[in-house]
Amino acid sequence: MDFSEFAALCYELEKTPGRLAKVAAAAEYLKRLSPDEIRHGVAFLSGRPFPVSDPRSLEIGPSALFRAGEIIQAGNSSSAPLALNDVAESFARIAEASGKGSRAEKYARLRELIERADPLERPILFRLLHNELRIGLHDGLIQEAIARAAHTDLKAVRRAALFLSDLVEVASVALTEGAEALQGVDIKLFVPLLPMLSELSQDFDEIFRAHGGKTALEFKYDGARIQIHKQGELVRIWSRRLSEVTRSLPEILQIARKDLNGDSFILDGEVVAVGKDGRPFPFQELMRRFKRVHGIESAASETPLSLHLFDCLFSDGSSLIDDSCDARWLKLNTITGGRYLARRKLATDKAEAEAFLNEAIASGHEGLMAKALSSPYMPGNRGKLWFKIKPAETLDCVIIAADRGSGRRRGWLSNYHLAVADRTGGFAPVGKTFKGLTDREFTEMTATLRELEVKDEGYTVTVRPEVVVEVAYNEIQRSPQYSSGFALRFARITRIREDKGPAQITTLAELQALFERQFISKSRREV
Ligand code: AMP
């Protein structure tokens with residue numbers, strides 16, 4: 001296939017708003033790919049120069065990208081058409097250049113590629129270099145397109161995606177081996193699968209209700225998720241975002257080889273960086289270990305890791321993911337002989353659960369996980385089978401405006417616009433909330449804000465930024481809606497901080513750091 005066909009599809013998808021029409025166009029494209037084009041063709045469609053599971057990357061610096069942008073605007077192209085596979089080959093050659101002089105070499109190879117492309121192909125190439133096609137085709141829609149192109153059930157595509165964790169692999173099986181092969185995709189050693197996720201809960205009552213009165217509580221370690229695969233002497237380890245980290249974690253590799261029983265297994269766990277006193281190090285220390293490629297041995301002695309395993313998905317040739325959580329824990333006990341395990345306690349009442357939560361926090365951990373005893377392991381699933389409980393995270397924000405209430409809140413200024421301190425001495429909005437105050441506090445807050453009023457636009461009243469509130473939230477998300485670039489999900493006021501002024505509130509830099517930290521440990525929902 002010519003790259004121009006792919007570029008034409010991108011332009012078509014860009015101007016097609018409807019989901020069904022997008023899926024239909026993408027499916028037609030997938031059907032036209034020959035078997036040796038599927039891998040690149042699907043990677044490109046998802047906006048990536050390489051498949052997710054391919055560790056290569058282009059590593060083109062910003063100045064080369066800038067210069068490439070300039071050639072894209074200018075000059076003619078050669079007349080020979082550029083094939084999809086030519087582009088893939090050029091990307092491979094760019095990624096390959098390494099060592100001394102590689103920057104210039106990468107740029108030369110990139111320039112060669114761009115010069116071969118025609119004026120319509122060039123902007124699409126450029127978007128691929130940025131990992132962003134802007135055609136509104138997220139992974140869910142690509143899965144639908146694969147199902148449609150392969151005349152198979154969407155459910156089978158979704159299920160296979162959980163086990164293969166890369167749509168390129170899913171499309172290869174679906175389009176070359178057919179629907180039956182897709183149905184047969186299963187957990188496999190050395191193919192990492194998406195980890196099971198949890199839902200946030202603040203309340204043990206909710207947990208006991210959802211788990212039928214009994215739940216398995218485990219310490220929630222503030223570290224990084226790993227999945228360990230082993231067969232005989234071969235051990236490989238993947239991170240939560242499914243990048244391979246085997247080389248960065250030699251001591252975990254040794255544990256898997258020497259200390260654990262069983263010839264083959266897949267285990268799920270968390271590694272935490274620990275200080276000499278046994279307490280966890282800040283998260284950044286751990287991330288440094290994960291990213292380290294050189295001096296691994298010295299890093300291992302400076303920042304030792306502790307391992308806390310909590311699940312077993314595969315053992316001695318068989319998948320365990322349909323077994324109950326309890327049965328999998330028993331298997332994990334056999335494999336570990338009781339070592340390297342997450343602290344765990346079965347609980348049937350709230351007082352017991354709260355005492356265990358306090359114990360976790362007192363030992364420097366993040367909170368607890370609560371797992372339904374009968375639950376299977378559901379890769380990629382975020383739901384009530386696993387809950388996480390952690391004391392809510394809070395920020396101190398200033399109120400910069402308020403909306404008038406309606407219904408029961410009529411007469412009050414009740415929806416508060418929250419902001420953090422920006423770098424210029426001003427305030428950057430991060431969201432709004434009407435949650436958390438009592439009726440009396442609403443009344444008082446309305447009077448306070450009225451005194452601070454600078455502009456009344458009818459619905460929204462802008463105020464001098466003086467009232468500081470402590471705000472709890474579930475997640476910080478990126479948001480184009482607010483000039484800060486971030487929005488707090490499920491923001492609620494937990495306290496009015498009369499003791500604080502606007503000079504003491506959370507800064508945008510701190511918010512950014514909290515966002516990054518959560519992103520690294522959480523993965524975008526993503527994955
Ligand atoms: P969060 O990152 O806040 O969404 O919380 C879920 C994460 O907690 C998981 O992805 C794991 O990395 C981590 N975690 C720590 N301890 C446990 C545990 N005992 N069971 C499951 N996940 C855990």
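Residues take their numbers from the sequence shown, with the count starting at 1. Ligands are counted one by one from 1 in listed order, and the atoms in each one are counted from 1 as well.
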H229-Q227 side chain donor-acceptor pair, cut-off 3.5 Å: yes
Ligand 1 atoms in contact with K388 (distance to a heavy atom under 4.0 Å): 1 (P), 3 (O), 4 (O), 5 (O)
Short N or O distance, K220 and ligand 1, threshold 3.5 Å exclusive: yes
Geometric class of the F44/F91 ring pair [parallel <30°, tilted 30-60°, perpendicular >60°]: perpendicular
H308 heavy atom under 4.0 Å from ligand 1: no
Atoms of ligand 1, numbered as shown, that sit under 4.0 Å from any heavy atom of K371: 18 (C), 20 (N), 21 (C)
D422 side chain to G426 backbone, donor-acceptor under 3.5 Å: yes
NZ/NE/NH1/NH2 to OD/OE distance under 4.0 Å, E218 and K345: no
Test item: side-chain donor near acceptor, D268 and Y377, under 3.5 Å: yes
Distance-only N or O hit between ligand 1 and F219, under 3.5 Å: yes
Ligand 1 N/O within reach of S198 N/O, cut-off under 3.5 Å: no
Part of E366 with heavy atoms under 4.0 Å of ligand 1, whether side chain, backbone, both or neither: neither
Least distance between heavy atoms, V430 atom then C397 atom: CG2-SG, 4.3 Å
